[in-house]
Trainee: 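Before I ask anything, here is the structure I am working with.
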Amino acid sequence: MTGLPFLFANPALLAALIALPVIWWLLRMTPPKPAAEVFPPLRILASVLKREETPSKSPWWLTLLRMLMAAAVILAIADPVVNPRQNTLATGGPLAIVVDNSWATATDWEQRVDAVSTLIDDAEARDLAVSIAFTGDRQHDATPGSAATARNRLAAAAPIPLAVDRAQAIAALKTAFEGTNPGTLAFVSDGIEAADQKTMAALADVGAAELRVVEADGSRTVALTDTSNGSTGMSVTATRLRKDGALTLPIVAYDTRGRAIADGQIAFASGEGVAKGSIEAPFELRNDFARIGIENAATAGSVHLLDDGFRRRRVALLSGEARDLSQPLLSPLYYINRALTPYADLVEPHETDLAVAIPELLEQKPSVLIMADIGRLPEEIYPKLSKWIDNGGMLIRFAGPRLAAAPADDPLVPVTLRQGERALGGALSWSEPQPLADYPGNSPFAGMARPTDVLVKRQVLAEPTSDLAERTWASLADGTPLVTTSAHGAGRIILFHVSAEATWSNLPISGDFVEMLRRSVQLSRGGGVANEGKAQQQTLAPYRLLNADGVLVAETGNARPLDVIPGKVPVATPENPPGLYGSEDGFTALNLLPRNAELQPIDMTAAGAHTAQQLAGSESWSLKPALFTLALLLLLVDALIVLFMGGAFSRLRAAKAMTAVLLLAASAFLVSPPDSLADDSRPEDAAILERLDTTHLAYVVTGESEVDRLSERGLTGLTDFLTYRTTLEPGTPVGLDITKDELSFYPIIYWPVSASAPMPSPQAVSRIDAYMRAGGTVLFDTRDQFSSLGASSGGTSPNTERLQAILANLDIPPLEPVPTDHVLTKAFYLLANFPGRYTGSPLWIEAQLDNREEPSNRPARSGDGVTPIMITGNDFAGAWAVDANGVALLPTVPPDEMQREYAFRSGVNIMMYMLTGNYKADQVHVPALLERLGQ
């Protein structure tokens, strides 16, 4: 009966089927039970007249039902077996079994155990020794032994969360047989070809009389190999073993507590072995992902563990300079945005006031705060920012003119800086731009090739200290630091000693800038060794390990600590199985398969002649329980029919359900109040609209009546002069309370500095700083005719000292007197100086990038070239001040009406410069200017 898919264990009992016709005849001759009738006299008399009737026979369909019941009992006793197992083991030698117990066998391990148990039973029935080897074991003992020993080893075996090493198992098998050949070699395979191993050729080389391969279908053998946290979702890469047919798999993201918090899917096209899917989720939710898994696939390969390195950082950006939308390449944040957008979620403040913007950003819980060319911060911000860094935040700063002019004792820089900056051609300068040196070993940039095309021509210098080398992550060829760092509590401060745009160096437009920023931001995880930012080799203890079912367990077994080597991706091995290595405070995820791994099936053609057998359908099972169950059901049906025919159900009466419907009536009168239109306008709206519609000159109200009167009359005089001499027709001058009035309506604010006036509050100074940062300009006038703000202490006027106190709280760039070729000298009139009531004091403005260069070679500047600050001591308002009749209120010093004329012209140039920026610096105006100069 070899090869039959169906047979009877007791075929002799089928002879009882001959008795079925006899049973049929007996059942047909049995009359049904007589029906019971009520005793009515008249009916008895009527029945007397009837002729005698014989009992009726059993209905044919009831007889057929009973015949089927009898046949089911006979067939059940005969014990039919589907797919009966046949013992076909070769008897020329012991049975050798090689069992794959890799991660891919976790889902059908019980089936594999049953298949191996069947082989062991067959060997025991033929009195054959059994040799069994598991390819996932570290040690192999393939010596042939008894069937009982093989069963014990099989019971102790379990899947492992690793790929298998069949070469060692097959070598142990050859050694165990010592030149003899096994009769049957059964290979219970997971279907996956190991790297650089020709499995079937090695098995055929064992020399067994019969080679039998037992494997599963393999259609659900799928593994996750990579994840990428993008800007809108998590991208997940998977590989599968069988490529025939399309396949769609649901994937789920779990948090640290194992709760499913997001899902997505991966779709394989027909013939495709690698596919990508995505899990769309908000940024905050994606940062809670702890692992990604394939739904209903409990294997170590179907899980991809995540650590802080996979989390997408939130990076807050701040700039010390107003963004110029017409020249985005000059924005300090432009290249930072381009470099970090693929790797981080970037947020920027809605306010330019640093006292408001920084707390607003910190409330969004960023991992990193990047400040580009910000020198001074409001005093109340330093404690908040320091506390955020101590709690694990990372502050990355970029140099620039403002940082170079900032005090050297800034607590939020990693090293002590020298005042000023080092420029090409300056006192502390190089003869030519400097390239970068090789990155040191303690730097996260270690392993990156030194860029040969990056040159630096300007930088801020660090004071030499004993620990400067330890704090340096990158340096120039001459040894001066380019990137420095220091740890503060659980956080870190990083300083790039060049600007964030391409004026100081071409680093921001190189590919190395992207990688340097990415690596720096990746160090901002919340704790763990990566938080230290060190690139030297580290050893991490096993914290949680992944078992074969894809579950993290605390049992670490014999796992060894993981060695993290810079530039080398760790690989899962028996000594370092997949899991989390580190501690509760921080860990590194080690996954089963490396990136870009692809599952490949075993090439069965290399083995030659062999027998293939599937796990599914290899089990034999009996139909006896099903037939007995069928017979019992037929017996119950027969019993119900007999009861019905006997009238047992005629006396049952159906109960009538009574339902009562309750009607609830309620009357409600909804009285709506009459509609009315609310007047949402506020009293100050009209003034705001008027100031937006017309340009106004503004001045700071100091609180001193005489100073404020002269400021108001001075700006009135300049307004009349502008109306008379230009096409600009400003409105009435406006006095501002800088503590509460909106400042953004005005292109320039005139501030007469008075030592006797109250010192402005830090909040007011912060608002002025935000106004300047947003593109506005403040004209400070000390009215004391001093030509230098930093002269000897004995020559400094009280007004200048007050101005110095105000500027100490402002983040201002380096200053210089107006150059002879500056736009201010030719914005409307051609001017050589800028007198007011006094003459001799220069007009100080923001220093240009490099005054040593020729004007034609100077690069364009952000903010359309408008300086955020002007300082003079010439008392502009005193020269401009007129009464209601247009008569000057104060004389010039020395008395000279042409000086007053030039003072008004200075005011006109300042206003035109404020409204048009560096427009007059365009080459199109050069011929006209040369013609004017020639006249």
Trainee: Check Thr485, Leu395, Val483, Thr484 against Leu495 for a side chain to side chain contact (heavy atoms under 4.5 Å, CB included) and give me the one that passes.
Mentor: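 The single option meeting the side chain to side chain contact (heavy atoms under 4.5 Å, CB included) with Leu495 is Thr484.
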Trainee: Can you confirm whether Arg595 is buried at CZ, in the sense that more than 12 heavy atoms of other residues, nucleotides or ligands lie under 6.0 Å from that atom?
Mentor: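 It does not: Arg595 CZ has 12 such atoms or fewer within range.
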Trainee: Taking Pro366's backbone N and O only, do any of them form a donor-acceptor pair with Arg313's side chain (distance below 3.5 Å, no angle check)?
Mentor: no
Trainee: Hey, does the side chain of Thr472 reach the backbone of Ala474 with a donor-acceptor pair shorter than 3.5 angstrom?
Mentor: no
Trainee: Under a 4.5 Å cut-off applied to non-hydrogen side-chain atoms, are Ile396 and Leu369 in contact?
Mentor: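 No, side chains not in contact.
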Trainee: Given side chains that start at C-beta, do those of Trp103 and Ser302 come closer than 4.5 Å, heavy atoms only?
Mentor: no
Trainee: Does Asn558 have more than 12 heavy atoms from other residues, nucleotides or ligands lying within 6.0 Å of its CG?
Mentor: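 Atom CG in Asn558 is not packed in, count stays at 12 or less.
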Trainee: With a 4.0 Å cut-off, would you call Asp100 and Arg166 a salt bridge?
Mentor: yes
Trainee: Tell me, do Val116 and Val99 make a side-chain contact under 4.5 Å, heavy atoms counted?
Mentor: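 Val116 reaches Val99 side chain to side chain.
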Trainee: Sequence neighbours left out, what passes ring pair (Phe, Tyr, Trp, His ring centres under 6.0 Å) with Tyr439? Give chain and number order.
Mentor: Phe445
Trainee: Is Asp263 reaching over with its side chain to a backbone N or O of Pro250, donor-acceptor style, under 3.5 angstrom?
Mentor: no
Trainee: Is the backbone of Gly550 close enough, under 3.5 Å, to the side chain of Asn547 for a donor and an acceptor to pair up by distance?
Mentor: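 Checked: pair present.
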Trainee: Can you check whether Leu436's main-chain N or O pairs, donor with acceptor, with Arg450's side chain at less than 3.5 Å?
Mentor: yes
Trainee: Establish, from distance only, whether the side-chain atoms of Ser278 and Glu280 form a donor-acceptor pair under 3.5 Å.
Mentor: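 Checked: Ser278/Glu280 side chains pair up, N/O donor to acceptor below 3.5 Å.
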Trainee: Taking everything shown except Arg519 itself, do over 12 heavy atoms lie less than 6.0 Å from its CZ?
Mentor: yes
Trainee: Check Ala238 against Leu224 and note the closest heavy-atom contact, atom names and distance.
Mentor: CB-CD2, 3.7 Å
Trainee: Got a donor-acceptor contact below 3.5 angstrom from the Arg314 side chain to the Gln364 backbone?
Mentor: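 Yes: the side chain of Arg314 pairs with the backbone of Gln364.
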Trainee: Using modelled atom types only, decide if a donor and an acceptor are shared between the side chain of Arg240 and the backbone of Glu272 within a distance under 3.5 Å.
Mentor: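 Looks like yes, one N/O pair under 3.5 Å.
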Trainee: Can you tell me if Arg471 uses its side chain to pair, donor with acceptor, with the backbone of Pro414 under 3.5 Å?
Mentor: yes
Trainee: Would you indicate whether the side-chain heavy atoms of Arg220 and Leu249 approach each other to under 4.5 Å?
Mentor: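 In short, these two side chains touch, coming nearer than 4.5 Å.
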Trainee: Within the 3.5 Å criterion, strictly below it, is a donor on Asp512 or Ser510 matched to an acceptor on the partner's side chain?
Mentor: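 No - no donor-acceptor pair under 3.5 Å links their side chains.
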Trainee: Do the two ring centres, one from Tyr543 and one from Tyr581, sit under 6.0 Å apart?
Mentor: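 Here the rings of Tyr581 and Tyr543 have centres that are no less than 6.0 Å from each other.
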Trainee: Work out which heavy atom in Ile279 is nearest to a heavy atom in Gly264; give both atom names and the distance.
Mentor: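 Smallest interatomic distance, heavy atoms only, reads CG1-N, 4.1 Å.
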Trainee: For Asp255, which residues count as a salt bridge (charged side-chain N to carboxylate O under 4.0 Å, His left out) partner, sequence neighbours excluded?
Mentor: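 Partners of Asp255 under the salt bridge (charged side-chain N to carboxylate O under 4.0 Å, His left out) test: Arg259.
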Trainee: What do you reckon, is CZ of Arg151 surrounded by more than 12 foreign heavy atoms closer than 6.0 Å?
Mentor: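 Yes - once you tally the heavy atoms of other residues, nucleotides and ligands closer than 6.0 Å, there are more than 12.
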Trainee: Does any part of the side chain of His497, heavy atoms only, come nearer than 4.5 Å to the side chain of Val415, both counted from C-beta?
Mentor: yes
Trainee: With Ser219, which residues qualify under side-chain hydrogen bond (donor to acceptor under 3.5 Å, both in side chains), at least two apart?
Mentor: Asp217
Trainee: For Asp190 and Ser102, test the side chains for any donor-to-acceptor distance below 3.5 angstrom and give the result as yes or no.
Mentor: yes
Trainee: Report yes if the side chains of Met200 and Ile602 come closer than 4.5 Å at any heavy-atom pair, otherwise no.
Mentor: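 Touching, per the 4.5 Å side-chain cut-off.
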Trainee: Can you name the nearest heavy-atom pair linking Ala281 to Phe289, along with the distance?
Mentor: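 Where Ala281 meets Phe289 most closely, the heavy atoms are CB-CZ, 4.0 Å.
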Trainee: Under a 4.5 Å cut-off applied to non-hydrogen side-chain atoms, are Trp473 and Pro444 in contact?
Mentor: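 Yes. Closest side-chain heavy atoms under 4.5 Å.
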Trainee: Is there a donor-acceptor contact under 3.5 Å from the side chain of Asn101 to the main chain of Ala158?
Mentor: yes
Trainee: Return yes if some donor-acceptor pair links the side-chain N/O of Asn337 with the main-chain N/O of Leu333 below 3.5 Å, else return no.
Mentor: yes
Trainee: Side chains of Leu385 and Leu412: closer than 4.5 Å at any heavy-atom pair?
Mentor: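 A side-chain contact exists here, since the closest heavy-atom pair is under 4.5 Å.
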Trainee: Nearest heavy-atom pair of Ala275 and Ile266: which atoms, and what distance?
Mentor: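 For Ala275 and Ile266, the tightest heavy-atom pair comes out as CB-CG2, 3.9 Å.
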